[in-house]
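To start, the structure itself, in structure tokens.
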Amino acid sequence: MLQITNLHANVGDKPILKGLTLSLNAGEIHAIMGPNGAGKSTLGYVLCGRPGYEVTEGSVTFNGNDLLDLEPHERAAAGLFLGFQYPVEIPGVSNVQFLREALNAQRKNRGEAPLSGAGFLKVAREQAGALGMDMDMLKRPVNVGFSGGEKKRNEMVQMGIINPALAILDETDSGLDIDALRTVGDGINRIMRKPDKAVLLITHYQRLLDYVKPDFVHVLDNGRITRTGGAELALELERDGYKELAA
Amino acid sequence: MNRNAPTRHDEAWRYSDISTVEAAWPLAAPESIIVPAGGNFARTILQDTGSIHQLDIAIGKGATTAIHVLNIGGDYGRVELNVTLHEGADFKLGAVQIGGGTQNLEIIITVTHAEPKATSSQIVRSVLAGTATGTYLGKVAVVRDAQLTDSVQSVKAMLLDRSATANAKPELEIYADDVKCAHGCAIGELDAMGLFYLQARGIAPADAKKLMLQAFVAGVFEGAADEDILIEAALKKLDELV
């Protein structure tokens, strides 16, 4: 589904990714772990096309198409979803309006008919309900005045409504209490654990992986994947730390 | 040159399109509106042709006045209000200016709290692109006896291009000692991270900008009798700029 080959990327003048190669197939969940500053968030932003993140070498294909050629909104329409580490507040724009526009923009880009107001609200109610968010919050401006945990939960509600093929989740577990972690973990499994979907989980900690079992765990250090293993690698990392592993 | 026309040395005209003003000089006398005690008055000014509107409004005891302004049309558009509040009167201004190209749009207002317990609120939002200029010069004057005055000025401008200009001068002149006069002013650009967030969810760049600008001006026209017409005209103008 996603093939990253020898990816180099700069933020400003600073090289962050230095030859990263990674392959994700449909039906797989991959976790990327690594120390601070390794390039984890940069990878997520580069894949989604954030301005200022410049690819200097290498290639990324998504379902056989050149991903780097597409604008951010086209990547979303192609089925890519980035769960933000720090979801952005957008004053004055309600969640409902935002999500309906987003969903219908994606459908239009794919040549599908727009969803009616009632059709959209039905989907929104289902997804919000499954993640324990009430509809009043969906009517409020996007992320404004939400707690850290509510913002992350809102990202998952968005993911449920948009229903992407590939989700890149950047530290979706940070800022969550234990109950919220379980809710979010269950959400990821319910929405994304399907044979035609894939997930790239970016995380510091093993604890989310207790709920969302990865098929592969990669260690990202200094802009490259330095080790790949199964779910047991995460436990090893938790026990020994990144330093030990690099040694 | 018209010798009686204002020049840039006149504070109220310092950012104006002087040659246009000279050509139009002398202007007709300002429209005079007197709202009687206890009365309610509302007016919508949709400036979409490039003209100068001058209104003198005296609001009587306990009366209310609501003015909604959408300043969008012509090379030079000016809305000038001179408002006097008597005891317990209430004045509300909701104004939006949207300009592109070389447009010069301005809102010039003086609100005088002449007697106690009057309230006034001004919300002004400007969106400017190209080399357009948008100006707000707004003075709230509180005379010595106008105790318990409560006034608010909220002035914000959004620049879509770095070549556009926003001038904003919220000004207070207070001679009473028991008053509440809030004023806020901000000039900025659309939040880049917000735009990326909207795009990452599938919204095309121009639509993302429009959504954020719509949110920026939304609410200003709340309660206006012509709210729908004003919002529709504002959105149409935004469409031209983005």
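All values below come from the heavy atoms of this structure, side chains included, with hydrogens, waters and symmetry mates left out. A, B, ... follow the sequence lines: proteins, then strands. Residue 1 opens every chain.
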(message) Under 4.0 Å between a side-chain nitrogen and a carboxylate oxygen: does that hold for R201(B) and E101(A)?
(response)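 Here R201(B) does not pair with E101(A) in a salt bridge, since their nearest N and O are not under 4.0 Å apart.
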(request) Go through the atoms of A204(B) and report whether side chain, backbone, both or neither lie under 4.5 Å from a heavy atom of chain A. (result)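 Both backbone and side chain of A204(B) come within 4.5 Å of chain A.
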(request) Below 4.5 Å from any heavy atom of chain A, which atoms of L195(B) appear? Answer side chain, backbone, both or neither. (result)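 No part of L195(B) comes within 4.5 Å of chain A.
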Name the region of [X], side chain, backbone, both or neither, that has any atom closer than 4.5 Å to a heavy atom of chain B.
X: R75(A); answer: neither
X: E74(A); answer: neither
X: N104(A); answer: neither

Tell me if a side-chain donor or acceptor on [X] pairs with a main-chain N or O of [Y] at a distance below 3.5 Å.
X: E232(B); Y: I229(B); result: no
X: R153(A); Y: A180(A); result: no
X: E28(A); Y: N25(A); result: yes
X: K152(A); Y: G175(A); result: no

(request) Using a cut-off of under 4.5 Å on heavy-atom pairs, state which of A208(B), A218(B), P205(B) scores highest against chain A. (result)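 Most heavy-atom pairs under 4.5 Å with chain A: P205(B).
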(message) If we define contacts as heavy-atom pairs under 4.5 Å, which of S94(A), P72(A), G92(A) has the most with chain B?
(response)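 Option with the greatest count: P72(A).
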(message) Could you report the tightest heavy-atom contact between E189(B) and M158(B), atom names first, then the distance?
(response)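 Heavy atoms of E189(B) and M158(B) come nearest at C-SD, 3.4 Å.
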